[in-house]
**Q** 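Got a structure for you, questions after.
All values below come from the heavy atoms of this structure, side chains included, with hydrogens, waters and symmetry mates left out.
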Amino acid sequence: MEHSEIEREIEQLRADINRHNELYYINDAPVISDAEYDKMLRKLLTLEEAHPALVTPDSPTQRVGGKPGEIFETITHRVPMLSLGNAFSVEELRVFDNRVRSGLRPGEPVEYVVELKIDGLAISLTYEEGLFSFGATRGDGITGEDVTANLKTVRALPLRLKEVEGVPLPRRAEIRGEVFMPHKAFARINAERAAREEALFANPRNAAAGSLRQLDPRVTAQRDLSMIVYGIGEWDGPRLPTHAETLQFLARAGFRINEDIRIFRSIEEVAEYCQGWEEKRGEVPYDIDGLVIKVNTLAQQAELGATSKEPRWAIAYKFPAERANTSIKDIIFSLGRTGAVTPTAILEPVRLSGSTVSRATLHNEDYIRAKDIRLGDTVIIQKAGEIIPEVVEVVKEQRTGAEREFQMPSVCPACGGPVVRAAGEAAYRCVNLQCAAIRREKVIHFVSRDAMNIDGGGEAIVHQLFDAGLIEDAADLYTLSRDEVVQLDRMGEKSTENLLSSVAKSKENDVERLLFALGIRYVGVRAAALLAAHLGSLDAVARADTAQLTEIPEIGPRIAESVVEYFRAEQHQKMIAKLRAAGVNFTHYAPAAGPQPLTGKTFVLTGTLPNLSRDEAAALIAQKGGKVTGSVSKKTDYVVVGSEPGSKYEKARQLNISILSEAELRELLGE
């Protein structure tokens, strides 16, 4: 067979396989058997193996391949993936509608688009020149994990976008959606696991999340995951005027969208539609936990904007959660890093939404009083948002008279210091800044993944460090010695080395991580990033007054006052002085002002560099105007390679992308 004939046969096979993938995974309307499909795929694979030069990145054979990875790399979302606010009643939908209308011109008409809310894992898909480039999990909304290889195994994901008449494909497009496990696949996988005497998955959501985070994409490929898209993030091109039109464009471009999308012109119609789905939720072949309501017109979305956590133009209507009856055996108290004393009910264990529940939050005194919760009560519990167990109501008909009324403690259960409830607040707080429990919680927060990301410094180790008198606050982590740490339980030579190495590495973190790690009340990941970007250093944040802070978009008076109060405290000033002495970075790795030598250049880092950590290298590149991404594509300008590079090095060679050593990078940086 001549080469041109082989090319034509390969192209025809790819077209046929892609068409059948769309019929099966997008339209749910297969026209051939699995055996016929497998026969076509095997034939294509055989031809491509014989003619490797004809293999293309969007070939159906490229959905699974490569060796298992060792770790997921981090990808920064160019447009943050914000979470949605929740509505649990019609009245809360009306409140949302009032907020929307008050944010627009008086009398301006509003349309709402309503979609089913898939109970899966949120993902971001980036396409460059129409070709799938990389994908990531939502993560914390700012950064997610690079799960590109695993996403390629999801056959509802098009590897190349279709051309849509009248709508030019953007040079770069980020599509957002939800990966989930259909009921049929979930039942099959649990049956197989039961036959192998393996632990069963609790629910399809957990199964989907675990499957997408497998280090070996071949395992993910066996899980029959699917995907539905619901919107766009970054979009390098003209946008359609409405969300509904955007969804239809995505469908024509090759994606699966919600089967049930409706447009309404009043919130009462929206509410009626949402309530109707509460009884029909079992009719779809995958889990849904509510519906999503969005303002349809994109211009109105832009006008309404967003808070630091969620868009003002969208909300999720959540279905009533599954409930169960149990009894309260005890009420205990825990302290958070801000000193809040939180009561928790110890329950008679009961199965709920696929897991055994033995505790439930009681939130605060007002919550307990309003529900008249007593020790020994029989109660109805549910999982709020199907995640956190909470007490819904007391079954008062089953009271025997032996139940005891609840009292909040007058002193801190940890240090014995005073507990107070400030005017206008629901929580009681320990006001003793020296309280050991609060200091422990602050350090546990400090080492956490979204904060300073200190590996090996989990809750158990922090407790040991305090109990041994080795630390009093987070700054003391930077003065720990090998001899001190190695004596702790389950801390051998290797574990000690890993912990101390991670502590040392954390000194180079961007100050936005440090600002979040300090545990300032109301300062989450997003607020910390905003403070770092606008003020540039910890010292500048510490010097700022409330007027300066509230000039920063999304920083309101409550956050500003909390920041000022934090840096005013003598104890915190002493800890910050210790962090400074230890060499912890206090500055934001922002590009210098004016034109920079690397402006517009995109870098990818792979392997272990001899003298720089990846964070250090990324910071140096950013300071010179460049950007670092997690995946190699035709748009990558340079790949910086260290020892033991991964598949990114091979891809860079295939695409003829410039490869740099650390020394060559430094030369490019002008160092």
**Q** Got a second to check how far L125's CG is from L151's CG, nearest 0.5 Å?
**A** 6.0 Å
**Q** Excluding sequence neighbours, so at least two apart, what forms ring pair (Phe, Tyr, Trp, His ring centres under 6.0 Å) with Y286?
**A** F180
**Q** State, yes or no, whether a side-chain contact exists between L225 and T153 at a heavy-atom distance under 4.5 Å.
**A** no
**Q** Any chance you could measure R218, atom CZ, to N150, atom CG, to the nearest 0.5 Å?
**A** 11.5 Å
**Q** Less than 4.0 angstrom from a charged side-chain N to a carboxylate O is my criterion; do E129 and K634 meet it?
**A** no
**Q** Quick one: does T143's side chain get under 4.5 Å of T76's, heavy atoms only?
**A** yes
**Q** With rounding to the nearest 0.5 angstrom, report the CD to CG distance, E245 to L250.
**A** 12.0 Å
**Q** Evaluate the side-chain proximity of I189 to D224: yes if any heavy-atom separation is below 4.5 Å, no if none is.
**A**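 Side-chain contact under 4.5 Å: no.
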**Q** For F132, check ring pair (Phe, Tyr, Trp, His ring centres under 6.0 Å) against everything at least two apart and list the hits.
**A** Y127
**Q** What residue pairs, at least two apart or across chains, pass ring-ring contact (aromatic ring centres under 6.0 Å, His included) with a residue in residues 636-660?
**A** F603-Y638
**Q** Quick check for you: to the nearest 0.5 Å, what is the distance between N18 atom CG and L13 atom CG?
**A** 10.5 Å
**Q** Would you find a donor on one side and an acceptor on the other, under 3.5 Å apart, between the side chain of D119 and the backbone of D289?
**A** no
**Q** Which ring-ring contact (aromatic ring centres under 6.0 Å, His included) pairs, counting each pair once, include a residue from residues 220-249, with sequence neighbours left out?
**A**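 Residue pairs passing ring-ring contact (aromatic ring centres under 6.0 Å, His included), neighbours aside: W235-F249.
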**Q** Check this for me: does any side-chain nitrogen of one of R252 and E165 sit under 4.0 Å from a carboxylate oxygen of the other?
**A** no
**Q** Out of curiosity, E5 CD to E9 CD, how far, rounded to the nearest 0.5 Å?
**A** 9.0 Å
**Q** Filter on salt bridge (Lys or Arg N to Asp or Glu O under 4.0 Å), then keep only pairs touching residues 172-182, sequence neighbours left out; what's left?
**A**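 Every salt bridge (Lys or Arg N to Asp or Glu O under 4.0 Å) pair that includes a residue of residues 172-182, provided the two are not neighbours, is E128-R172, R172-E234, E174-R176.
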**Q** Who pairs with F186 by ring pair (Phe, Tyr, Trp, His ring centres under 6.0 Å), at least two apart in sequence or on another chain?
**A**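 Once residues adjacent in sequence are excluded, F186 has no partner under the ring pair (Phe, Tyr, Trp, His ring centres under 6.0 Å) criterion.
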